[in-house]
Amino acid sequence: MAFVPGLGQASNGMTEFQEKMRQQLESSMHTELEKLVGTAKGNDAKVAQKDFEGFKRLFHQFLQVKGPSVDWAKIHRPPEDSIQPYEVISTHGLPAGVPESVALNKLAVVKLNGGLGTSMGCKGPKSIISVRSENTFLDLAVQQIEHLNKTYNADVPLVLMNSFNTDEDTKKILQKYTHHRVKIHTFNQSRYPRINKESLLPIATNLGLTGENAEAWYPPGHGDIYASFHNSGLLDQLIAEGKEYIFVSNIDNLGATVDLHILNHLIAQPADKRCEFVMEVTDKTRADVKGGTLTQYDGKLRLLEIAQVPKAHVDEFKSVTKFKIFNTNNLWISLPAIKRLQDQNALDLEIIANPKTLDGGLNVIQLETAVGAAIKSFDNALGINVPRSRFLPVKTSSDLLLVMSNLYSLDAGSLTMSPKREFRTTPHVKLGSSFTKVQDYLKRFESIPDMLELDHLTVSGDVTFGKQVTLKGTVIIIANHGDRIDIPAGAMLENKIVSGNLRILDH
């Protein structure tokens, strides 16, 4: 059954024919999902059944609405008091005479750990890539929380939201933290079927993850945290243990550490005015123009993602003057509020239809949601404009070079910018395709250069760096196709352009 154009205007605007087609598609999807569940037994079938309930809701929503999901005329800047500057919150100080453990014992830290390291040329979970002094993302997360627990005699657990791609490998690695002072829990994201772009039916033939079904499944974005956390039983367990808030962040954001000022701001509110959701935002730079932003929409704070913006308004969305902040995906969320909204089935998450082309050339769609999109469903939601230092994601080898360099020092799992750097901003680094894979990147640096006074680095082509190289100002190194440039040990490049035959020019 081919996809019918026009499916997706809100259901009350559908023609009778379109509505009939929608119902047929939904019925066909349910039949296919039942067949897939029938290929498994026991617990596997139960888990799939639960996952598919969530997928059916998402698919229903997908058929109802197509195209931009916002009315641009309703989008306004958030009211001044709905985004608080971090400086104001931190100047209140911590409550006198109350041990920090009182607030910390109401907190659990959740790291989003569903992603693989494939974009950086690594196998297995991204969280096991070494990022600093042989420490992986996961090592640093454990060290940070263990340091909190020891320093303040607290009991903050670490919770990992894994996916079917990362769960098995992560659980093996967790054994090495058995004697650390941090309790570690895991739960799994749902597993949803990729659907054929033409037929809008699952491409999977059974619940297996290998062979012809290797590309048939996906974890449906981090918006799935609410349902999967609830379904796992861990939400109820943490509430029973007296936990009130979770601090959620991407495991590859090395700036996302527990902040006592934000936590105390949450705990200090009167019970009837408790803020149920805090989104940490930070000022946009030109590098962040595609990042989701907070807006006021129908009287509520709402996360607006670029995929939701009508084409005619994309440039306006990217404007640094109109939308000055973006979402870091560091979120503080009330556990009782998650439970209430899940029990009432009242979470409203916009759908992201993510088109993909599989290795064999088949076009598929992944239906996803984003964790921050739920902000509009929570009471007294708040944005906090935090320093840029709380947003330090490692997505590429260019990011890796920054965090491995002397720009940062490492203490108890946390990276802080060196006081020796005059400017508090990080340099702009762009490494070419020869550096994409971590193992290739590591081979090209005998040691990480001194970058304390670097503003901008661009490297393209076959380039290697000797030991103890120093880079200052703007440095551009371009090896033409077939050429190779070896920057010699001890070299100091300041405002230089280095090109194909190793000519070094002043920039």
Side-chain angles (χ1 to χ4, degrees), residues 120-121 129-137 140 252-255 285-287 387-507:
M120 294 177 77
I129 296 174
S130 287
V131 284
R132 179 82 188 214
S133 314
E134 303 299 311
N135 289 296
T136 65
F137 290 107
L140 295 177
D252 63 9
N253 179 7
L254 296 179
T285 66
R286 294 202 181 281
R388 182 77 185 198
S389 57
R390 291 190 59 74
F391 183 67
L392 188 57
V394 179
K395 304 288 184 192
T396 63
S397 53
S398 302
D399 300 329
L400 198 53
L401 181 62
L402 288 170
V403 300
M404 290 177 88
S405 76
N406 60 343
L407 285 165
Y408 293 95
S409 56
L410 178 64
D411 181 34
S414 298
L415 289 180
T416 47
M417 189 169 278
S418 167
K420 292 178 187 170
R421 180 160 172 86
E422 205 171 316
F423 305 103
R424 306 314 289 163
T425 53
T426 52
H428 184 72
V429 173
K430 193 171 182 188
L431 300 179
S433 56
S434 304
F435 292 80
T436 302
K437 293 183 176 178
V438 172
Q439 69 244 41
D440 295 341
Y441 151 87
L442 291 171
K443 283 176 195 162
R444 293 181 176 277
F445 290 97
E446 280 196 55
S447 68
I448 302 298
D450 177 332
M451 292 164 48
L452 275 176
E453 295 178 48
L454 179 70
D455 298 321
H456 180 113
L457 173 67
T458 295
V459 183
S460 177
D462 187 0
V463 179
T464 65
F465 292 78
K467 286 186 178 171
Q468 295 176 324
V469 170
T470 301
L471 304 172
K472 296 183 179 186
T474 295
V475 178
I476 298 168
I477 306 168
I478 298 174
N480 297 325
H481 185 68
D483 289 339
R484 172 170 161 161
I485 295 177
D486 297 315
I487 304 298
M492 200 280 279
L493 301 177
E494 181 173 7
N495 294 326
K496 296 289 188 227
I497 298 173
V498 183
S499 64
N501 53 6
L502 243 184
R503 284 180 308 149
I504 299 183
L505 307 172
D506 286 338
H507 176 67

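Atom set for the values below is all heavy atoms of this structure, side chains included, hydrogens, waters and symmetry mates excluded.
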Please name the pair of heavy atoms, one in Asp483 and one in Asp462, separated by the smallest distance, quoted to 0.1 Å.
O-CB, 3.6 Å
Exercise: do Ser418 and Ser409 side chains pair donor with acceptor under 3.5 Å:
no
Between Asn135 and Arg132 (side chain of the first, backbone of the second, donor and acceptor by atom type, cut-off under 3.5 Å), is there such a pair?
yes
Check Ser405 against Pro449 and note the closest heavy-atom contact, atom names and distance.
CB-O, 4.3 Å
I want to check something: taking the side chain as every heavy atom from C-beta on, are Thr285 and Thr425 in contact at a cut-off of under 4.5 Å?
no
Rounded to the nearest 0.5 Å, how far does OH of Tyr408 lie from CG of Leu452?
11.5 Å
Could you check whether atom CG of Asp440 has more than 12 heavy atoms from other residues, nucleotides or ligands sitting under 6.0 Å from it?
yes
Measure across Ser447 and Lys467 and return the closest heavy-atom pair with its distance rounded to 0.1 Å.
OG-CA, 3.4 Å
How long is the span from the CZ atom in Phe465 to the CG atom in Leu401, to the nearest 0.5 Å?
8.0 Å
Any heavy-atom pair between the side chains of Met404 and Val394 that's under 4.5 Å?
no
Val403 and Val131: which non-hydrogen atoms are nearest, and at how many Å?
CG2-O, 4.0 Å
For the pair Arg484 (side chain) and Ala479 (backbone), establish whether a donor and an acceptor sit closer than 3.5 Å, ignoring hydrogens and angles.
no
Are any non-hydrogen side-chain atoms of Asn253 and Leu392 less than 4.5 angstrom apart?
yes
Atom pair CG/CG of Asp455 and Leu471 - distance to nearest 0.5 Å
11.5 Å
In this structure, CE of Met417 is separated from CG of Asn406 (nearest 0.5 Å) by 11.0 Å
What salt bridge (Lys or Arg N to Asp or Glu O under 4.0 Å) pairs are there with at least one residue in residues 387-396, not counting sequence neighbours?
Asp252-Lys395, Glu280-Arg390, Asp288-Arg388
Atom pair CG/OG1 of Asp450 and Thr470 - distance to nearest 0.5 Å:
4.5 Å
Heavy-atom nearest pair, Ser434 first then Gly461, reads OG-O, 3.3 Å
Does any part of the side chain of Pro427, heavy atoms only, come nearer than 4.5 Å to the side chain of Arg421, both counted from C-beta?
yes
Does any pair with a residue in residues 481-500 pass ring-ring contact (aromatic ring centres under 6.0 Å, His included), and if so which ones, sequence neighbours excluded?
none
Carefully, step by step, assess Val475 and Met451 under the rule side-chain contact (heavy atoms from CB on, under 4.5 Å).
CA-CA 11 Å; Val475 178; Met451 292 164 48; over 6 Å; no
Quick check for you: to the nearest 0.5 Å, what is the distance between Ile476 atom CD1 and His456 atom NE2?
5.5 Å
I'd like to know whether Glu422 forms a side-chain contact (heavy atoms from CB on, under 4.5 Å) with Glu453, so could you lay out the CA-CA distance, the side-chain angles of the two residues, the decisive distance to 0.1 Å, and finally the verdict.
CA-CA 8 Å; Glu422 205 171 316; Glu453 295 178 48; over 6 Å; no
Candidate pair Leu254 and Phe137, rule side-chain contact (heavy atoms from CB on, under 4.5 Å), full reasoning:
CA-CA 8 Å; Leu254 296 179; Phe137 290 107; 3.7 Å; yes
Looking at residues at least two apart in the chain, or sitting in another chain, which of them share a side-chain contact (heavy atoms from CB on, under 4.5 Å) with Ser397?
Leu431, Phe435, Tyr441
